[in-house]
Amino acid sequence: MCSISVNIIKNLFHVVRMYINEVGYYLPKNIIPNSYFKDVNGLTNEWIVTRTGIETRRKAGKNENSNTMALEAAKNVLEKYKGDTSDIDLIISGSYAPYDTVVTSAHYVQQKLDIRDAIVTSVSTACSTFINCLEVVEGYFALNKASKVLVINSEQNTLYGNEKDDKSGHLWGDGASAMIITKERSSEEDIEIVDIKTRGVAFEGKGPDGVYLRPKTEGLVMPYGKDVFINACNYMREVAIEILEKNNLSVKDLSYLIPHQANIRIINNVGDNLKLKKEQVIVNIDKYGNTGSASTVIGLAENIDKFKKGDIIVFSVFGGGYSSGAALMKK
């Protein structure tokens, strides 16, 4: 009897369905070119582009922060949403660079948009935060505690980054993303989230010391960039292959890869090792810099019109700490 109950529970979790109904984003208007850093930390445009792929990045304005950017991203996605805002029963925000460590972006958005009957929570696992947000949604859906979710990721990296730091001060950009995820398919345009996979890998290399944010001391820094590079390349490739194979697919079935936008050399390394064509790999780091956990969803939102029915899309991420994750989606 006990084993039957366990099997029933396993089956219930297995059949959970998740659909991306709408996706949106927000980027500050302030554009910071590479030339800005010549007098700040001595780095030239050529040096930055060659090593990172970044040409410009966005920086939050004087009256902007991760909460206000989250609100703008939420407004952007809700403008497209055909349902009623009052039907949203779960709000999740994700950020490692918050404006407020007590009041999360999710709570701020709830108050500003007057979404009254919703569970509200927040997640932080560095740049892999969004994938863990999806796992939280999956859990609430499996337990029948929610059916329409607003997921927001907002990062104000420049609030904590040190522009004079010639190792990482030029990497950071600000931005936010938002997504409506439903338990039932709303239309044929929805993108199904087929599977999610995450893993903590703090035991690798420099682990928690590779890249970190300590507000009272150094701020947001990356003292061991080479170690981050090696592990990001390995795990972003590995987790993409694992999630495909788990679902009886191969890299040949993959239509698009949307990797975390940390460094163009990491992105190219992962794409080349997976033997993907350049046009199969979504890139926005050249325009926005490293927008942290918001970067992959911004990439999805910007390219949503190019995805065709039947396309297989994979998010692949790596975060400081270290953590890795992937999401397999089907148009």
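When a residue number appears, it is its place in the shown sequence, counting from 1. Values reported hereafter were calculated over all heavy atoms of this structure, with side chains retained and with hydrogens, waters and symmetry mates removed.
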Please check this pair: side chain of [X] against backbone of [Y], looking for a donor-acceptor N/O pair closer than 3.5 Å.
X: T291; Y: A294; value: no
X: R58; Y: P28; value: yes
X: E64; Y: G61; value: yes
X: Q280; Y: L257; value: no
X: R185; Y: Y19; value: no
X: S105; Y: S93; value: no
X: N269; Y: R265; value: no
X: S154; Y: A176; value: no
X: N132; Y: S124; value: no
X: Q261; Y: P259; value: yes

request  = Could you please spell out the steps behind the side-chain contact (heavy atoms from CB on, under 4.5 Å) verdict for S128 and T198?
outcome  = CA-CA 8 Å; S128 63; T198 68; over 6 Å; no

Can you tell if the side chain of [X] reaches within under 4.5 Å of the side chain of [Y], non-hydrogen atoms only?
X: E242; Y: K246; result: no
X: N41; Y: H170; result: yes
X: V137; Y: M18; result: yes
X: L244; Y: D253; result: no
X: E22; Y: E79; result: no
X: I92; Y: V123; result: yes
X: T68; Y: E72; result: no
X: I312; Y: V194; result: no

Electrostatic pair R116:D114 at N-O distance under 4.0 angstrom = yes

message = Does this structure show an ion pair linking K287 with E55, if we count only N-O contacts that are shorter than 4.0 Å?
response = no

Within the supplied structure, the quantity of interest is the number of heavy atoms (other residues, nucleotides, ligands) at a distance under 6.0 Å from [X] [atom1]; does it exceed 12?
X: K331; atom1: NZ; result: yes
X: R214; atom1: CZ; result: yes
X: K80; atom1: NZ; result: yes
X: K206; atom1: NZ; result: no
X: D117; atom1: CG; result: no
X: K277; atom1: NZ; result: no
X: E184; atom1: CD; result: no
X: E279; atom1: CD; result: yes

For the atom pair [atom1] ([X]) and [atom2] ([Y]), what is the distance rounded to the nearest 0.5 Å?
X: L90; Y: I181; atom1: CG; atom2: CD1; answer: 9.0 Å
X: D174; Y: L159; atom1: CG; atom2: CG; answer: 8.0 Å
X: M222; Y: K167; atom1: CE; atom2: NZ; answer: 11.0 Å
X: E138; Y: C133; atom1: CD; atom2: SG; answer: 13.0 Å
X: L71; Y: Q110; atom1: CG; atom2: CD; answer: 12.5 Å

Please check if [X] and [Y] belong to a single hydrophobic cluster, counting links between Ile, Leu, Val, Met, Phe, Trp and Tyr side chain heavy atoms closer than 4.5 Å.
X: I196; Y: I191; result: yes
X: L274; Y: V314; result: yes
X: I180; Y: I313; result: no
X: L254; Y: I193; result: no
X: L171; Y: V270; result: yes

task = Please report the C-alpha distance between K112 and N67 in whole Å, then the side-chain angles of each, then the deciding distance to 0.1 Å, and finally whether the side chain to side chain donor-acceptor pair (under 3.5 Å) criterion is met.
result = CA-CA 10 Å; K112 293 298 182 182; N67 282 357; over 6 Å; no

query = In the hydrophobic clustering that connects Ile, Leu, Val, Met, Phe, Trp and Tyr at side-chain heavy-atom distances below 4.5 Å, which members other than Y212 occupy its cluster, ordered by chain and number?
reply = V221

ask   = Should side-chain heavy atoms under 4.5 Å link Ile, Leu, Val, Met, Phe, Trp and Tyr, which residues sit in the same cluster as I298?
value = Y25, L27, Y288

request  = Tell me, with the steps shown, if E135 and Y140 meet side chain to side chain donor-acceptor pair (under 3.5 Å).
outcome  = CA-CA 9 Å; E135 285 188 312; Y140 275 99; over 6 Å; no

request  = Check step by step if side chain to side chain donor-acceptor pair (under 3.5 Å) holds for S186 and N21.
outcome  = CA-CA 7 Å; S186 300; N21 184 253; 3.0 Å; yes

ask   = Looking only at heavy atoms, what is the nearest atom pair of A327 and L134, with distance?
value = CB-CD1, 3.8 Å

query = Can V77 and M179 be said to form a side-chain contact (heavy atoms from CB on, under 4.5 Å), step by step?
reply = CA-CA 6 Å; V77 78; M179 185 178 284; 5.6 Å; no

task = May I have the step-by-step check of salt bridge (charged side-chain N to carboxylate O under 4.0 Å, His left out) for D87 and K148, ending in yes or no?
result = CA-CA 7 Å; D87 292 337; K148 295 180 181 178; 3.7 Å; yes

inquiry  = Using the rule given for side-chain contact (heavy atoms from CB on, under 4.5 Å), can you reason through L220 versus N157, listing the C-alpha separation, both sets of side-chain angles and the distance that settles it, and then say yes or no?
reply    = CA-CA 8 Å; L220 178 59; N157 287 311; 3.6 Å; yes

request  = Report the C-alpha distance between K59 and E163 in whole Å, list the side-chain angles of each, state the deciding distance to 0.1 Å, and finish with yes or no for salt bridge (charged side-chain N to carboxylate O under 4.0 Å, His left out).
outcome  = CA-CA 12 Å; K59 182 176 182 179; E163 294 176 341; 3.3 Å; yes

ask   = Parallel under 30°, tilted from 30 to 60°, perpendicular over 60°: which one fits the rings of F315 and F130?
value = perpendicular

inquiry  = Ring of F141, cation from R17 - is the NZ or CZ under 6.0 Å from the centre and inside 45° of the axis?
reply    = no

query = Do S95 and N153 get their side chains close enough for a donor-acceptor pair, meaning under 3.5 Å?
reply = no

query = Do the side-chain N and O atoms of E155 and S293 include a donor-acceptor pair separated by under 3.5 angstrom?
reply = yes

message = Checking side-chain contact (heavy atoms from CB on, under 4.5 Å) between V281 and each of I258, N268, I267, D272, which is the one that passes?
response = I267

request  = Decide side chain to side chain donor-acceptor pair (under 3.5 Å) for R57 and N34; before the verdict, give the C-alpha distance in whole Å, the side-chain angles of both, and the deciding distance to 0.1 Å.
outcome  = CA-CA 8 Å; R57 73 280 295 141; N34 286 341; 2.9 Å; yes

key: Pairs meeting criterion ring pair (Phe, Tyr, Trp, His ring centres under 6.0 Å) with involvement of residues 243-275, two or more places apart   = Y256-F307

